[in-house]
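Chain A is the first sequence line, chain B the second, and so forth, proteins listed ahead of strands; every chain is numbered from 1.
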2 protein chains.
Amino acid sequence: MSLDTILARIDDDLPEALERLMTLLRIPSISTDPAYKKDCLSAAEWVVADLASIGVDAEVRPTTGHPMVVGHVGEGAPHLLFYGHYDVQPVDPLNLWKRDPFDPAIEDTPNGKVIRGRGANDDKGQFMTFVEACRAWKAVTGTWPCKVTFFFEGEEECGSPSLVPFLKENADELSKPDIALISDTSLFDRETPGITTMLRGLLGEELIITGPDRDLHSGAYGGAAMNPARVLAKTIASLHDDTGRVTVPGFYDGVPEIKPNIMAQWEALGFDAEGFLGDVGLSVPAGEKGRSVLEMIWSRPTCEVNGMQSGYNGDGFKTVLPSIARTKISFRLVGTQDPAKIRKDFRAMVQAQMPADCEVEFIDHGCSPASVMRTDDPSFEKAREALSQEFPKAAAFIGSGGSIPIAGHFQDILDIDTMLIGFGLEDDGLHSPNEKYDVRSFHKGIRSWARILDRLTS
Amino acid sequence: MSLDTILARIDDDLPEALERLMTLLRIPSISTDPAYKKDCLSAAEWVVADLASIGVDAEVRPTTGHPMVVGHVGEGAPHLLFYGHYDVQPVDPLNLWKRDPFDPAIEDTPNGKVIRGRGANDDKGQFMTFVEACRAWKAVTGTWPCKVTFFFEGEEECGSPSLVPFLKENADELSKPDIALISDTSLFDRETPGITTMLRGLLGEELIITGPDRDLHSGAYGGAAMNPARVLAKTIASLHDDTGRVTVPGFYDGVPEIKPNIMAQWEALGFDAEGFLGDVGLSVPAGEKGRSVLEMIWSRPTCEVNGMQSGYNGDGFKTVLPSIARTKISFRLVGTQDPAKIRKDFRAMVQAQMPADCEVEFIDHGCSPASVMRTDDPSFEKAREALSQEFPKAAAFIGSGGSIPIAGHFQDILDIDTMLIGFGLEDDGLHSPNEKYDVRSFHKGIRSWARILDRLTS
């Protein structure tokens with residue numbers, strides 16, 4: 001059986017593959033909201049059933065949070081471990097969705113057909129590209145290219161609280177693959193696939209500032225009573241200086257400059273910074289002065305406000321002096337920045353700004369350091385060659401602003417390297433209303449994995 | 001019939017009077033939220049029916065918003081116009097209420113029995129003190145002390161959009177009373193009644209700052225994309241200087257210093273600033289340096305954040321770069337500060353701070369100038385004497401941080417003066433969870449109005 005036969009099978013089976021994805025997308029597996037706990041379980045069970053349908057010995061593994069899915073199949077080298085996550089982001093603001101986020105559909109767009117719905121890209125559509133490639137391989141050859149371990153979690157969008165404990169408890173079963181594969185990243189552009197070799201870390205913090213012990217009438221107390229919303233605004237405003245640098249003491253310790261050869265590679269990509277910002281209605285890079293946009297999103301750390309709330313925000317107007325003001329803040333980390341030290345320094349800096357009548361409570365929303373892949377492993381070059389055959393332009397080693405802590409955990413706990421190969425596009429609207437995944441991404445993604453499996457096992 | 005007979009009747013009828021108030025408090029007439037439009041109408045109809053039950057020719061008068069209630073009764077001088085509002089504030093944060101805000105109850109507290117529920121004080125409990133006084137007068141004397149016009153609105157808590165048009169359209173019917181009476185203010189303290197002679201004005205603004213044209217993934221765009229939440233925080237932080245003064249250009253034009261004799265009167269009140277702040281968990285006056293707490297809440301202007309919202313604020317964490325950040329901001333105005341000019345200068349100041357990639361939209365939530373009563377009208381002194389007979393300590397002319405624009409409109413449109421006589425306490429929790437009104441306030445309030453009616457007509 002030749003690779004061509006498998007690729008032809010993938011082409012013929014595309015409508016059925018899309019139908020399978022639609023079924024999975026209809027399950028609202030929002031992991032961060034306890035209201036969707038049952039749906040997360042349903043998504044895990046669907047994945048197990050689908051893996052079983054292609055002969056994988058898979059099962060749902062309970063955790064204290066949402067369950068894991070683990071499956072094994074095949075024989076021979078190399079031993080591949082494929083990771084994905086079946087949970088999705090919340091959908092608010094719901095009013096900005098053009099359709100029910102969990103009633104997915106194929107839509108025609110100027111750039112071709114897209115799959116519209118929450119999770120179409122992140123990560124259901126992406127991990128199904130690998131599953132469908134395996135399905136075609138099995139259908140055509142009647143066997144498997146090598147030993148494959150499937151590993152899916154349902155807490156990637158809420159800090160993966162159960163992941164590390166599970167990996168440690170099941171290290172014997174999960175360890176000693178030759179390499180891990182993850183499909184949760186983007187193409188560099190429509191024509192150029194990428195293998196992501198740099199991932200930013202993430203540190204999540206929530207601040208709750210309390211002033212008066214209850215909401216007050218702004219007429220009766222306005223002027224005399226401390227307003228925590230004003231204190232919070234001042235605190236947030238203090239986190240960046242005029243050059244866009246984060247002001248947390250020691251924040252830039254462990255932030256490396258990119259090596260000239262990598263920087264040259266990035267410059268050669270001809271990244272369209274103007275178009276990147278223009279696509280979302282922006283025109284001016286908002287990061288550190290003197291840095292390129294690619295640096296801002298790939299190799300520089302950040303501090304961003306992800307949520308902010310105080311007082312009355314409904315219709316009309318309420319003259320209230322709020323008792324509480326809260327914010328969710330995240331830091332993207334690079335190089336060897338130490339999340340624990342940054343959290344400590346950040347909290348001290350905020351605490352020092354609290355006036356006598358305000359108390360601040362901190363909530364830890366998890367953290368992970370940045371990870372950098374060891375691209376000297378030969379499989380990276382093999383995968384790059386396979387991807388280059390599927391797409392018009394040669395694949396490149398690229399960075400990613402996003403955080404995929406699992407790659408670091410695989411290194412730390414299972415001592416294996418990870419290849420991050422994804423087929424998303426910047427305009428897929430990850431974490432946003434109207435998330436989509438191009439049918440072309442899905443189709444070429446499946447074909448790419450077939451080529452990679454072939455290349456890694458030949 | 002003597003006043004004593006009427007006061008005795010009031011004492012005997014108190015349980016029934018409380019029952020009537022409870023019935024009114026069960027109607028959730030939240031005027032600022034369109035979802036409660038029908039309930040506002042029900043409250044208006046209840047007031048009309050109750051007035052009719054004591055012989056007042058009253059009716060619901062439709063407006064483009066919530067309806068007015070107008071009623072006439074009695075003959076002879078002076079002609080009194082009594083104003084109240086049947087609408088109430090929203091109840092969020094609902095989780096901080098110890099009981100359903102619209103299932104009111106009489107509760108025992110260390111300071112005696114209180115009526116607990118939204119509107120118990122503001123303004124249902126307060127305006128019913130006057131209605132109950134009239135009911136007792138009518139029951140005992142079979143007649144009315146003088147000509148009384150009742151006028152109630154249902155939009156006081158949402159900027160009274162229909163009020164001025166209605167007053168102008170019905171000026172002939174409503175004008176030429178000798179004086180207006182309003183019960184929407186507080187006692188100075190439990191022992192000392194007050195007649196409020198200074199009211200701060202109010203200016204409401206909402207800002208909506210838009211950066212990216214949709215919510216973004218903070219990994220994919222974090223660092224490169226403008227974050228409107230950070231821009232909003234910086235804007236809010238810029239509204240006050242280090243001495244607590246508002247930085248809007250020209251903001252203090254028209255802010256008078258209090259006359260020495262009034263200031264002396266205030267100092268003589270022996271106001272417990274420490275206790276005032278301590279009651280709500282605070283210890284440090286948060287207003288302009290060098291001003292007393294009474295000045296901060298009675299005679300100094302303010303700028304306060306009443307609401308602030310951006311991004312994801314639900315359970316868990318969402319690494320989103322928000323597209324929009326919004327805030328509701330109100331200014332309390334004194335003396336002859338010009339609301340229109342301040343709104344213009346404020347908007348210009350905010351607009352000037354917007355970076356290239358941010359647009360700001362302003363929503364006008366209404367405004368009213370401060371008002372100062374003409375206390376040389378003899379009825380002020382008569383009312384002060386009547387109040388002094390009901391309470392342990394002599395009544396005083398006091399200020400109020402709150403805004404009751406109606407008093408200004410009565411002056412401007414109907415050319416009548418207003419006497420603001422209320423029986424609330426600072427700890428009633430106006431606009432807050434667990435709002436209450438002391439049964440003592442309700443009882444003595446009814447008795448006080450009977451004394452005032454007697455004094456004004458003898």
Go through the atoms of [X] and report whether side chain, backbone, both or neither lie under 4.5 Å from a heavy atom of chain B.
| X | answer |
| --- | --- |
| Ala356(A) | side chain |
| Leu232(A) | side chain |
| Pro228(A) | neither |
| Glu205(A) | backbone |
| Arg300(A) | neither |
| Thr302(A) | side chain |
| Cys358(A) | neither |
| Ile30(A) | neither |
| Leu277(A) | side chain |
| Glu304(A) | both |
| Ile363(A) | neither |

Distance check, rounded to the nearest 0.5 Å: [X] atom [atom1] versus [Y] atom [atom2]?
| X | Y | atom1 | atom2 | value |
| --- | --- | --- | --- | --- |
| Lys234(B) | Leu239(A) | NZ | CG | 12.0 Å |
| Asn313(A) | Glu206(B) | CG | CD | 8.0 Å |
| Tyr312(B) | Gln309(A) | OH | CD | 11.0 Å |
| Leu282(A) | Asp213(B) | CG | CG | 7.5 Å |
| His217(B) | Leu430(A) | NE2 | CG | 5.5 Å |
| Ser218(B) | Phe331(A) | OG | CZ | 12.0 Å |

Give a yes or no on this: more than 12 heavy atoms of other residues, nucleotides or ligands lie within 6.0 Å of atom [atom1] of [X].
| X | atom1 | value |
| --- | --- | --- |
| Glu274(A) | CD | no |
| Asp242(A) | CG | no |
| Glu359(A) | CD | no |

Under a 4.5 Å cutoff for heavy-atom pairs, which residue among [options] has the most contacts with chain B?
| options | result |
| --- | --- |
| Ile236(A), Leu216(A), Val320(A) | Val320(A) |
| Arg200(A), Arg326(A), His240(A), Met296(A) | His240(A) |
| Thr210(A), Asp33(A), Asp92(A) | Asp92(A) |
| Ser400(A), Ala220(A), Gly244(A) | Ala220(A) |
| Val293(A), Thr32(A), Asp215(A), Val280(A) | Val280(A) |
| Gly314(A), Gly281(A), Ala286(A), Pro34(A) | Ala286(A) |

- Part of Glu426(B) within contact of chain A (heavy atom distance under 4.5 Å): both

- Segment of Leu294(B) engaging chain A (4.5 angstrom heavy-atom cut-off):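 Neither part, no heavy atoms under 4.5 Å.
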
- Do Phe317(A) and Ser330(B) come within less than 4.5 Å of each other through their side chains, counting heavy atoms only? yes

- Query: Is there a donor in the side chain of Asp357(B) and an acceptor in the side chain of Ser283(A), or the other way round, less than 3.5 Å apart?
  - Reply: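 Per modelled atom types, Asp357(B) and Ser283(A) side chains form a pair under 3.5 Å.
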
- Quick one: do the Thr319(B) and Asn306(A) side chains pair a donor with an acceptor below 3.5 Å?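 No, because no side-chain N or O of Thr319(B) sits under 3.5 Å from a partner of the opposite role on Asn306(A).
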
Identify which of [options] forms the greatest number of heavy-atom pairs closer than 4.5 Å to chain A.
| options | answer |
| --- | --- |
| His431(B), Met308(B), His365(B) | Met308(B) |
| Asp122(B), Val231(B), Ile329(B) | Ile329(B) |
| Gly311(B), Ala233(B), Gly287(B) | Ala233(B) |
| Gly401(B), Pro212(B), Ala224(B) | Ala224(B) |
| Gly159(B), Pro301(B), Gly219(B) | Gly219(B) |

- Does Arg230(A) reach the main-chain N or O of Ala237(B) with its side chain, forming a donor-acceptor pair under 3.5 Å?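 No: the side chain of Arg230(A) does not pair with the backbone of Ala237(B).
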
- So does Lys318(A) pair up with Glu157(B), basic N to acidic O under 4.0 Å?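 Answer for the salt bridge query: no.
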
